[in-house]
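Below is one structure, written out as structure tokens, with a few remarks after it.
Sequence positions, counted from 1, serve as the residue numbers for this chain. When reading the values below, keep in mind they use all heavy atoms of this one structure, side chains included, and skip hydrogens, waters and symmetry mates.
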Amino acid sequence: MTEQRQDNRTPSPTPPSRRSQRRQTVAELRSQGRAGPGLRDILPGFLGMVLVTAGPVVGLAWLYRAYGVGALLLGALLLAAATLIGVPWRRAVVRRRGGRYTPAELAVLDDHGLAVAAERILRRDGWHVLPMPDDGRPRLYARDRRDRRLDVSFRPVDGGPGAAEPPGGPATLREPGGPADDRVIRVVISMGAYSPAEIEWASRPGGDHLVDGRQLQQWASGTSLDALGLLN
């Protein structure tokens, strides 16, 4: 009777191996975004770093063996010049992509370049930005974590007599797939200055928030729109 009861017992499940437990743990961490990068993620960057570091050394060694000391010195000078030019240029590109511009960089932008710069600056300040061109003119729609919404348009400095005419009425931008929202804050950006009539018009209830060239430089250098007092 005892032997029959022992035979009817369900066999206990085999405990998972340490390897399978580790795989499961890593999968859970990755799904939560808490796991570090894997080999596939870091391998391209590592190979690129090796090539950038070892490539010039191999090239200089080849020049020395093929053409002698003179070619080695010339290659070293060219490499030093390329480094002096390339490193600051690369840093400037990274800085602009991060939403920071110097006054000289802003001065050479056209309307579309200014829109790209404003989009990067807004993203720098934590806004979610959606480009929404209007009849070929650049325009941005942005929202932040406080659910504030911006309708950003751009006023060209040399756009002719019609460019100085302020648009009429409060902001009525429609979010894609949604109704009109009265909470949208309309912002007009210009690299120049506004006329007294434009400033008076914008100061009325429901008017635009004007960003002139001086404020644009401060905004692009790292000051937020709130710190500039434009969204208060």
Side-chain angles (χ1 to χ4, degrees), residues 92-176 178-232:
V93 170
V94 173
R95 173 174 48 78
R96 289 193 295 268
R97 288 180 178 176
R100 295 180 182 271
Y101 288 76
T102 65
E105 292 169 342
L106 291 174
V108 299
L109 297 177
D110 58 9
D111 294 342
H112 292 279
L114 181 58
V116 172
E119 181 178 353
R120 291 173 175 175
I121 296 171
L122 285 168
R123 295 185 190 278
R124 177 203 72 192
D125 293 342
W127 293 83
H128 176 72
V129 187
L130 178 65
M132 297 182 62
D134 183 12
D135 292 334
R137 297 286 304 164
R139 193 174 182 180
L140 304 176
Y141 179 76
R143 176 188 292 179
D144 68 354
R145 296 179 179 178
R146 296 162 58 182
D147 201 31
R148 294 181 302 177
R149 305 176 188 185
L150 300 182
D151 173 9
V152 184
S153 58
F154 302 88
R155 175 188 179 276
V157 178
D158 54 352
E165 294 295 331
T172 57
L173 180 64
R174 292 179 180 271
E175 185 180 359
D181 193 339
D182 295 336
R183 294 176 299 173
V184 173
I185 303 171
R186 191 164 57 188
V187 178
V188 180
I189 298 177
S190 174
M191 290 198 288
Y194 293 97
S195 67
E198 290 174 316
I199 296 176
E200 181 180 358
W201 176 88
S203 63
R204 67 177 183 173
D208 292 358
H209 295 254
L210 304 182
V211 179
D212 59 17
R214 179 183 58 83
Q215 294 169 323
L216 177 61
Q217 292 179 4
Q218 295 176 337
W219 187 36
S221 66
T223 306
S224 65
L225 291 175
D226 292 296
L228 289 173
L230 296 175
L231 301 184
N232 296 333

query = Nearest 0.5 Å, what's the CG-CD distance between L225 and Q218?
reply = 11.0 Å
query = Closest approach of P131 and L140, non-hydrogen atoms and distance?
reply = CA-CD2, 3.9 Å
query = Between the side chain of Q217 and the main-chain N/O of R214, is any donor-acceptor distance below 3.5 Å?
reply = no
task = With rounding to the nearest 0.5 Å, note down the distance linking OH in Y141 to CE in M132.
result = 8.0 Å
query = Would you say the side chains of S203 and E200 form a donor-acceptor pair under 3.5 Å?
reply = no
ask   = Taking the side chain from R123 and the backbone from V129, do they hold a donor-acceptor pair closer than 3.5 Å?
value = yes
ask   = Would you call D212 and R155 a salt bridge, using N to O less than 4.0 angstrom?
value = no
key: Backbone N/O of R146 and side chain of D144: donor-acceptor pair under 3.5 Å   = yes
request  = Keeping the roles fixed (side chain from R137, backbone from F154), state whether a donor-acceptor pair exists under 3.5 Å.
outcome  = yes
ask   = How close do V184 and L150 get, heavy atom to heavy atom, and via which atoms?
value = CG1-C, 4.2 Å
query = How would you list, by chain and number, every residue that makes a side-chain contact (heavy atoms from CB on, under 4.5 Å) with D125, sequence neighbours excluded?
reply = I121, W127, W219, S224
note = Rounded to the nearest 0.5 Å, the CD1 atom of I199 sits from the OH atom of Y194 at a distance of 9.5 Å
query = Taking the side chain as C-beta and beyond, is there a heavy-atom pair between R100 and R124 under 4.5 Å?
reply = yes
request  = Mind checking salt bridge (charged side-chain N to carboxylate O under 4.0 Å, His left out) for R97 and listing every partner two or more places apart, or none if nothing turns up?
outcome  = none
request  = Not counting sequence neighbours, which residues clear side-chain hydrogen bond (donor to acceptor under 3.5 Å, both in side chains) with S221? List them please.
outcome  = none
inquiry  = For the NE2 atom of H209 and the CG atom of L228, what is their distance to the nearest 0.5 Å?
reply    = 13.0 Å
message = Evaluate L216 against I189 for side-chain contact (heavy atoms from CB on, under 4.5 Å), listing each step before the verdict.
response = CA-CA 8 Å; L216 177 61; I189 298 177; 4.0 Å; yes
query = Considering residues at least two apart in sequence or located in another chain, which fulfil the side-chain hydrogen bond (donor to acceptor under 3.5 Å, both in side chains) criterion with D134?
reply = R139
ask   = Are any non-hydrogen side-chain atoms of L210 and R186 less than 4.5 angstrom apart?
value = no
message = Measuring from atom CG of D208 to atom OG of S153, what distance do you get when rounded to the nearest 0.5 angstrom?
response = 6.5 Å
key: R95: salt bridge (charged side-chain N to carboxylate O under 4.0 Å, His left out) partners, not counting sequence neighbours   = E105
R149 bridged to D151 by N-O distance under 4.0 Å = no
request  = Just jot down the salt bridge (charged side-chain N to carboxylate O under 4.0 Å, His left out) partners of D110, sequence neighbours excluded, or say none.
outcome  = none
inquiry  = Please give me the minimum heavy-atom distance between P138 and H112, naming the atom from each residue.
reply    = CD-CE1, 4.1 Å
